[in-house]
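Structure, as structure tokens:
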Amino acid sequence: PLRLALLDDFIANTNSYAATALPEQELATMLGGPGPLSFSRVNATARTGSSPTLAAISALPRLIVSRPDFALLAVGSEALRNDQTPVAWCRTLLFLAQACQAAGIEPILVALPELPDLPAATSRSAALLTKELGLSLGIAVIDLYSRQRLNRVESAAWYQHEELDLPTP
């Protein structure tokens with residue numbers, strides 16, 4: 001079976017209230033359901049008071065040990081929220097991608113959608129730099145930023161759960 005791993009601090013933050021989204025199940029369903037696909041998730045969410053960058057880097061060995069064929073690198077939202085510049089974050093993303101390649105794992109970058117609690121220019125810059133990095137390395141990029149823009153979805157609505165009536169940031 002094809003093995004896919006998700007390094008994630010964005011799609012389903014397991015430390016958040018009522019986090020019920022399980023991206024490994026959602027992606028398996030989107031990619032054809034059960035069958036020749038093995039999907040795992042490595043949580044790269046920083047603990048309270050710790051560095052989001054170090055959380056992503058320290059989660060990397062758990063991803064590598066799982067020996068996936070592909071690694072979705074859906075990280076960066078926490079670092080950007082903690083005032084790391086998109087350029088500085090992109091350097092970390094470069095390290096993560098190259099570490100995957102050195103371990104024989106094909107990285108796939110995720111250009112994050114606009115984050116509702118960040119200036120629009122920061123989200124846009126992070127997405128552009130992620131796409132440029134993918135182009136430079138010759139690796140795939142899942143462009144959630146452009147998808148969100150093409151669908152003309154407001155960033156707050158993108159994050160609102162349809163069954164919960166909670167205020168969005």
Side-chain angles (χ1 to χ4, degrees), residues 5-24 26-27 40-66 68 71-103 105 107-137 139-149 153-161 164 166-169:
L6 171 67
L7 184 65
D8 172 35
D9 74 351
F10 159 70
I11 293 177
N13 182 342
T14 57
N15 294 329
S16 68
Y17 172 75
T20 56
L22 298 172
E24 55 274 19
E26 295 294 326
L27 283 172
S40 62
R41 177 176 180 261
V42 177
N43 186 0
T45 304
R47 294 184 181 183
T48 304
S50 65
S51 162
T53 300
L54 291 179
I57 292 170
S58 66
L60 192 58
R62 292 192 311 268
L63 181 133
I64 290 172
V65 165
S66 71
L72 290 172
L73 303 179
V75 288
S77 64
E78 288 193 339
L80 294 168
R81 285 184 176 114
N82 281 292
D83 297 326
Q84 189 169 28
T85 67
V87 171
W89 172 249
C90 198
R91 288 187 193 113
T92 303
L93 196 55
L94 171 63
F95 171 81
L96 296 171
Q98 289 179 327
C100 287
Q101 288 175 323
I105 300 166
I108 301 171
L109 305 179
V110 176
L112 301 175
E114 186 175 302
L115 302 170
D117 49 352
L118 284 180
T122 300
S123 291
R124 182 176 188 274
S125 180
L128 289 172
L129 288 169
T130 300
K131 293 185 271 188
E132 286 180 20
L133 178 62
L135 184 63
S136 296
L137 295 175
I139 59 177
V141 177
I142 296 174
D143 188 0
L144 296 180
Y145 181 86
S146 293
R147 172 53 53 197
Q148 179 189 33
R149 305 290 291 177
V153 177
E154 261 190 63
S155 61
W158 181 276
Y159 296 95
Q160 181 68 49
H161 190 282
L164 295 176
L166 299 174
T168 55

So which atom in [X] and which in [Y] form the shortest heavy-atom distance, rounded to 0.1 Å?
{"X": "A56", "Y": "W89", "value": "CB-CH2, 4.1 Å"}
{"X": "A55", "Y": "S58", "value": "O-OG, 3.2 Å"}
{"X": "A126", "Y": "L80", "value": "CB-CD1, 3.7 Å"}
{"X": "L60", "Y": "C100", "value": "CD1-SG, 4.2 Å"}
{"X": "V42", "Y": "A59", "value": "CG1-O, 3.6 Å"}
{"X": "I64", "Y": "I105", "value": "CA-CD1, 3.9 Å"}

Distance-only, no hydrogens or angles: does the R62 side chain make a donor-acceptor pair with backbone N or O of A44 under 3.5 Å? no

Counting distance only, does the side-chain N/O of E114 pair as donor-acceptor with the main-chain N or O of Q148 below 3.5 Å? no

Measuring from atom [atom1] of [X] to atom [atom2] of [Y], what distance do you get when rounded to the nearest 0.5 angstrom?
{"X": "L118", "Y": "S77", "atom1": "CG", "atom2": "OG", "result": "8.5 Å"}
{"X": "L129", "Y": "L93", "atom1": "CG", "atom2": "CG", "result": "10.0 Å"}
{"X": "L135", "Y": "K131", "atom1": "CG", "atom2": "NZ", "result": "11.0 Å"}
{"X": "R41", "Y": "L72", "atom1": "CZ", "atom2": "CG", "result": "12.0 Å"}
{"X": "L109", "Y": "I139", "atom1": "CG", "atom2": "CD1", "result": "3.5 Å"}
{"X": "L96", "Y": "I57", "atom1": "CG", "atom2": "CD1", "result": "6.0 Å"}

Contact check, side chains of [X] and [Y], non-hydrogen atoms, under 4.5 Å:
{"X": "S125", "Y": "V87", "value": "no"}
{"X": "Q84", "Y": "E78", "value": "no"}
{"X": "C90", "Y": "E132", "value": "no"}
{"X": "P107", "Y": "Q101", "value": "yes"}
{"X": "L94", "Y": "L137", "value": "yes"}
{"X": "V75", "Y": "T92", "value": "no"}
{"X": "Y145", "Y": "T130", "value": "no"}
{"X": "L112", "Y": "S123", "value": "no"}

Test applied, side-chain contact (heavy atoms from CB on, under 4.5 Å); reference residue, V110; option that passes from L7, D8, L144: L144

